[in-house]
2 protein chains.
Amino acid sequence: MARGSTRPTSRDVAQAAGVSQAAVSLVLGDKWRGRVSESTAERVREAARELGYRPNLAARNLRLGRTRTVLLVVPALTTEFFAGVYTGAARVAAQHGFGVVLYPSPEGVGPARDPFASAQAALDGVIASSMAADALTAIRGDQLPLVMLDSDPEGSLGAATVNLGIRDGVRQVADHLLELGHRHFLHLAADVPSWTFDVRARELAARLATVPGTTLRTTAAPISIDGARTAAVTALARPGPRPTALVCDDDKLAAGAYKAARRLGLRVPDDISITGLDDLALATALDPELTTVRLDAELFGERGMEALLAVLEGRTPAEGDIPVELVVRGSTGRPAS
Amino acid sequence: MARGSTRPTSRDVAQAAGVSQAAVSLVLGDKWRGRVSESTAERVREAARELGYRPNLAARNLRLGRTRTVLLVVPALTTEFFAGVYTGAARVAAQHGFGVVLYPSPEGVGPARDPFASAQAALDGVIASSMAADALTAIRGDQLPLVMLDSDPEGSLGAATVNLGIRDGVRQVADHLLELGHRHFLHLAADVPSWTFDVRARELAARLATVPGTTLRTTAAPISIDGARTAAVTALARPGPRPTALVCDDDKLAAGAYKAARRLGLRVPDDISITGLDDLALATALDPELTTVRLDAELFGERGMEALLAVLEGRTPAEGDIPVELVVRGSTGRPAS
DNA sequence: CGAGCGAAGTGTTACGTATAACGTCGCGGT
DNA sequence: ACCGCGACGTTATACGTAACACTTCGCTCG
């Protein structure tokens, strides 16, 4: 189905309205006050409507060297978390006349070298979360303004960063469990090399190290419910004193931990306390409901977009982590002494 | 942080290599066989590398009138289902040298009129799922080749459609429950006006109508776990014979149904059988695991992309629904007679 | 009465690329 | 001696838009 004849251009509209192309551009660009009479303006608008004229954005982008469009790169679409990030970013963007386009960073989908090769045509900047280093340098090579979400402020090659208060969240989880009397911990860690997960491990270890008599073991698992289940079953079956608290890197891993506990005949929270991180819908679908750390994904997206706008306008982005909140539900309790 | 000086153009590369801009275009476009000597070609490539040259895609798009980029519009990012759709579409696209960009159709994020206003600059076509009718006509107005996912073949204004075998899936669910002996059904329906949900309702009603003595009630709920819980609690508490089978429009609604059952003191599946549709990770995180219909999201995405490529090349897209599969787990059983 | 000014436009150019059309040069064939 | 041709490039142009610089004309003001 070929594109009919060919799309009408502003020149076609001009001819139909009996004016010059420049006049059409002025009218449709809303810059005609005092330059074109109301009657001619209306004639132009009418002609445009008649022909079904749509400006060719490739041409406009070329002319203006700017697109009012931004790319949001997300690690994967497997959780609703990034849906929230997108929503927040899109809201702020819309307020400033910007659009947001998503690019899930491919994992096994073609070479990682061309995340934007295709889209870059229409981009003013990039917001990226947990991105491979080579892709990162590719963007920097493109000189595209870049904001990193939840990334190492040191290693981000000078790009602006916006971070959640993950460290604070992990500390709150640790404090909560310590207060309940737990001393033997298992950390179910995400099997993904990323700063945001490194921080979780470091902070948990650091906090527990301040309390004498605590033990901490760690096991890594892929971020999937069944991967987590397998890893947790193995780790919990190991000899030695069984941990009474299972700290998971995110809610999905926690869901796997529930399955592991069921399989081993352990009751939550009587035999073992479980915590997550994210506060997804999944958290309240579990039985008992999951004690977790609520991350405000939308606020995260908003702050990311605001930072990018700041960079685009030559300002310095705001600093400071986004606060998080411990949500205590039924999956944590006192350990059986 | 301004863009350094300004990006190097092909002309800059030409000057550095001591050739014309046309030669640069030929070499970098890999069309130089028999037109440029190997040594000059190498000199051009070297200069391009040196300057860090990247072609301006806006200019290229303008020149070629084509972008090798495609937009995937998804209704929301709240489930992993569309992650699979994207993965499949991107895989096929990559094999054909195309890229895919995502656009979550905004719900309350700015006017619905500009889903692509921003991105359209760089698009050859659109794959869209459950799209509002006005946005649909907007695309058609843009003359952009369009493939609709899971949409009414009749009402799609002549656009190509690729559909899952939802009807077949619903019929399998109904058959399974009827076979177990259920006669009193509650349909927990998604509160979203969309063909894909209409079909579920129609097919379920049609199938049950063929068996004398069955009853079917319906209640609508927003697609969220807690929205579904509320709706299900209300519906199940209504007077009259309590349904023994609860058919949910998707897995997320089913998770809400579990919560409702817990709240009402009903055991699954002894007191009530529950079914979902999607087979998300959520399905096996529930206790007992959910009987549901597995949709092959990746295959769905692949078929969608293949259809769009067919349209772009003037071919006729393949026909036929994508098969689905009933997965029986622990959430369905015989009703207490 | 002429300078000046605002309204209402138009002519032209540039953005960076891809490619069709055009040169030039040396050499082999007749 | 001259034509033709392949190798190696270059020149020129168009894609559709936005915006700068300019023109024309009727009026007002000093």
Side-chain angles (χ1 to χ4, degrees), chain A residues 3 5-45 47-48 51-68 117 120-124 142-143, chain B residues 3 5-44 47-48 51-68 117-118 120-124 142-143:
Chain A
R3 310 261 272 252
S5 44
T6 154
R7 263 170 67 144
T9 74
S10 60
R11 212 177 310 270
D12 296 331
V13 175
Q15 188 164 9
V19 297
S20 73
Q21 179 265 332
V24 173
S25 182
L26 287 174
V27 171
L28 268 40
D30 209 34
K31 296 196 170 4
W32 56 281
R33 291 145 297 209
R35 323 242 305 128
V36 175
S37 71
E38 175 57 53
S39 64
T40 347
E42 184 49 37
R43 205 147 34 90
V44 168
R45 281 190 290 258
L51 295 178
Y53 168 73
R54 304 291 166 109
N56 178 325
L57 296 193
R60 172 180 294 173
N61 291 343
L62 174 58
R63 177 67 234 255
L64 296 180
R66 164 177 57 80
T67 62
R68 311 223 125 217
Q120 173 250 36
L123 298 181
D124 282 354
D142 277 351
Q143 304 276 59
Chain B
R3 312 261 272 249
S5 43
T6 151
R7 264 170 67 144
T9 74
S10 60
R11 212 176 311 269
D12 296 330
V13 175
Q15 189 165 8
V19 297
S20 72
Q21 178 266 330
V24 173
S25 182
L26 288 175
V27 172
L28 269 39
D30 209 36
K31 296 194 167 17
W32 55 282
R33 291 145 297 208
R35 323 241 304 129
V36 175
S37 72
E38 175 58 52
S39 64
T40 354
E42 184 49 36
R43 206 149 32 91
V44 168
L51 295 178
Y53 168 72
R54 307 290 168 109
N56 179 324
L57 295 193
R60 173 178 293 171
N61 291 343
L62 175 58
R63 177 68 232 257
L64 296 179
R66 163 177 57 80
T67 64
R68 312 222 123 217
S118 44
Q120 173 251 35
L123 298 181
D124 281 355
D142 277 353
Q143 303 277 60

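Note on naming: letters A, B, ... go to the chains in the order of the sequence lines (proteins, then strands), and numbering restarts at 1 for each one.
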- [ ] Return one dot-bracket line describing DNA chain C 5' to 3' (Watson-Crick or G-U wobble pairs, both distances under 3.5 Å; ( ) same strand, [ ] crossing, | another strand, . none).
- [x] ||||||||||||||||||||||||||||||

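- If you take CH2 of B:W32 and P of C:dT17, they are 20 Å apart, rounded to a whole angstrom.
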- [ ] Step by step, work out the side chain to side chain contact (heavy atoms under 4.5 Å, CB included) result for B:L62 and A:N56.
- [x] CA-CA 8 Å; B:L62 175 58; A:N56 178 325; 4.2 Å; yes

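- Here D:dA19 presents its P atom at 12 Å from CG of A:D30, a figure rounded to the nearest Å.
- The two atoms that bring A:A47 and A:A17 nearest to each other are CB-CB, 4.0 Å, heavy atoms only.
- With B:V19 as the fixed residue, the side-chain contact (heavy atoms from CB on, under 4.5 Å) test singles out one of B:L26, B:V27, B:V13, B:V44: B:V44.
- A:N61 places no side-chain N or O within donor-acceptor distance of the main-chain N or O of A:A58, the cut-off being under 3.5 Å.
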- [ ] Scan nucleotides 7-16 of chain D nucleotide by nucleotide, 5' to 3', and note B when protein non-hydrogen atoms come under 4.0 Å of the base, S if they reach only the sugar-phosphate, - if neither.
- [x] -BBBB--BBB

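- Straight-line distance from the NZ atom of B:K31 to the C1' atom of C:dA20: 14 Å, rounded to whole Å.
- Scanning all heavy atoms of the two residues, the minimum distance from B:R43 to B:T40 falls at NH2-CG2, 2.6 Å.
- Looking at every heavy atom in both residues, A:R45 comes nearest to A:E38 through NH2-OE2, 3.1 Å.
- For B:S10 against B:Q21, the heavy-atom pair with the smallest separation is OG-CG, 3.3 Å.
- Nearest approach of B:Y53 to B:P8, heavy atoms of both residues: CD1-O, 3.4 Å.
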